[in-house]
Amino acid sequence: MFNFLIKILDFVYKKKCYFCGSSHENALMCQRCYDKIAPFAPGVIQKILGVNIYVCCFYEKEMQRLIRGIKYHGKKELAKYQARFMYEYFRKINTLNVKYLIVPVPLHKKRYKQRKYNHMEEVAKELAILTGWDVCTDLIVRIKETKPQYKLKTKQRQENLHNAFKVFDKNYNGENILIIDDILTTGSTLSEMIKTFHNVGIVKLTGLITSTVHGNSVNIQ
């Protein structure tokens, strides 16, 4: 009787794919929708202040909805699919199996309070499970409340982010750092983070970004 009730509950509360609505796989993202996301060929997309930046795919269709679902609609479970996509891409890059310390782009405490979580921290946790690497959220923090970047032009983005971060280098022990974020546009956020790291002598940096809105390489010197 108990097993029968469990089966009924499983049927009633079966998860539907957030993208196509299918409940066949009892998953928030079915394999068919996941496979629709086309990864970029492995390679450096940009160099920002001498740091290699890798990007996994375009910010469009399923990936766009995936990121927005985590970021704005509380679908934290989707983080494991974003992390999986990043992991599958980056393992083609990291052929020497170099170990990294995963550092998600931080939110300002006010933005964190509004959202209740940092979406990239959720992705970082899932990426840590896949790689076995550690996550660090107290190495660099956002100390300046900034305006949403998507509303600003390139120069305004740079001004908006000026002195936005602070590094607590006492929490650094010489690790290779993998900065992760969801969307690359002008590179202003990464540029400011990298600059802040460089100011305290931390230079073993790599960037891994889930997606980009454009296909052209931009070198920020």
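- Proximity of Met120 to Asp181: side-chain heavy atoms (C-beta onward) are separated by under 4.5 Å at one or more points.
- Ion pair Lys125/Glu122 flagged as a salt bridge, since at least one NZ, NE, NH1 or NH2 atom sits closer than 4.0 Å to an Asp/Glu carboxylate oxygen.
- At a threshold of 4.5 Å between non-hydrogen side-chain atoms, the residues Phe197 and Ile179 count as touching.
- Phe58 and Phe40 have their aromatic ring centers within a separation under 6.0 angstrom.
- Applying the 6.0 Å contact sphere to CZ of Arg32 captures no more than 12 heavy atoms from other residues, nucleotides or ligands.
- A side chain to side chain contact (heavy atoms under 4.5 Å, CB included) with Thr206 is found for one member of Ile177, Leu178, Ile180, Asn94 and no other, namely Leu178.
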- Message: Could you go through Val141 and Phe168, starting from their C-alpha distance and side-chain angles, then the distance that decides it, and tell me whether this counts as side-chain contact (heavy atoms from CB on, under 4.5 Å)?
- Response: CA-CA 8 Å; Val141 298; Phe168 293 90; 3.4 Å; yes
- Verdict with reasoning, Ile45 to Thr212, per side-chain contact (heavy atoms from CB on, under 4.5 Å): CA-CA 10 Å; Ile45 292 294; Thr212 183; 5.5 Å; no
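- When atom types are taken as modelled, the side chain of Asn118 and the backbone of Val105 share a donor-acceptor pair closer than 3.5 angstrom.
- Considering Gln64, Met29, Glu60, Gln82 in turn, Met29 is the only one that fulfils the side chain to side chain contact (heavy atoms under 4.5 Å, CB included) rule with Ile37.
- Remark: Arg84 CZ to Glu126 CD distance equals 12.0 Å, nearest 0.5 Å.
- For the pair Arg65 (side chain) and Tyr18 (backbone), a donor-acceptor distance under 3.5 Å is present.
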- Item | Audit row: Met86, Val123, side-chain contact (heavy atoms from CB on, under 4.5 Å) steps and yes/no | CA-CA 9 Å; Met86 295 173 77; Val123 175; 3.8 Å; yes
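- Between the Ser211 side chain and the Asp182 main chain, a donor and an acceptor come within less than 3.5 Å of each other.
- Residues Val167 and Ile202 meet the side-chain proximity criterion, which asks for heavy atoms closer than 4.5 Å.
- Between Ile183 and Ile209 there is no side-chain heavy-atom pair separated by less than 4.5 Å.
- With His73 contributing its side chain and Lys75 its backbone, the two residues share no donor-acceptor pair below 3.5 Å.
- A donor-acceptor pair under 3.5 Å links the side-chain atoms of Thr196 to the main chain of Glu192, judged by distance alone.
- Residues Lys204 and Tyr172 are in side-chain contact: their nearest non-hydrogen atoms beyond the backbone lie under 4.5 Å apart.
- Using a cut-off of 4.0 Å between Lys/Arg side-chain N and Asp/Glu carboxylate O, Lys15 and Glu25 are scored as not salt-bridged.
- Taking 4.5 Å as the limit, some side-chain heavy atom of Leu208 sits within range of a side-chain heavy atom of Tyr89.
- Looking at Thr210 and Leu184, their side chains never come closer than 4.5 Å, going by heavy atoms from C-beta outward.
- By the criterion of side-chain heavy atoms lying less than 4.5 angstrom apart, applied directly or through intervening Ile, Leu, Val, Met, Phe, Trp or Tyr residues, Leu190 is grouped together with Val200 in one hydrophobic cluster.
- The minimum heavy-atom distance linking Cys33 with Cys17 is given by the pair SG-SG, 3.8 Å.
- Of all heavy-atom pairs spanning Ala124 and Val135, the tightest one is O-CG2, 3.4 Å.
- Residues His198 and Val203 approach most closely at CD2-CG1, 3.9 Å, considering heavy atoms.
- The line from CD1 of Ile67 to OH of Tyr81 is 15.5 Å long, rounded to the nearest 0.5 Å.
- A donor-acceptor contact closer than 3.5 angstrom links the side chains of Lys47 and Asn52.
- By the 4.5 Å heavy-atom criterion applied to side chains, Cys57 and Phe85 are counted as neighbours.
- Ring geometry, Phe90 versus Tyr100: the interplanar angle exceeds 60°, so the pair is classed perpendicular (tilted spans 30 to 60°).
- Distance OH/Tyr112 to OH/Tyr117: 10.5 Å, rounded to 0.5 Å.
- In terms of hydrophobic clustering, with Ile, Leu, Val, Met, Phe, Trp and Tyr side chains grouped at heavy-atom distances under 4.5 Å, Val98 and Val103 are assigned to a common cluster.
- Here the CG-CG distance, from Leu28 to Leu78, works out to 4.5 Å after rounding to the nearest 0.5 Å.
- Other residues, nucleotides and ligands place no more than 12 heavy atoms under 6.0 Å from the NZ atom of Lys166.
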- Task: Go through the steps for Leu101 and Trp133 under the test side-chain contact (heavy atoms from CB on, under 4.5 Å), then give the verdict.
- Result: CA-CA 6 Å; Leu101 182 67; Trp133 303 337; over 6 Å; no
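- For the atom pair NZ (Lys113) and CG (Leu107), the distance works out to 14.5 Å, reported to the nearest 0.5 Å.
- Taken from CG in Leu205 to CD1 in Ile48, the straight-line distance is 11.5 Å, to the nearest 0.5 Å.
- The side-chain tip of Lys144 does not point at the ring of Phe165 from less than 6.0 angstrom away and within 45° of straight on.
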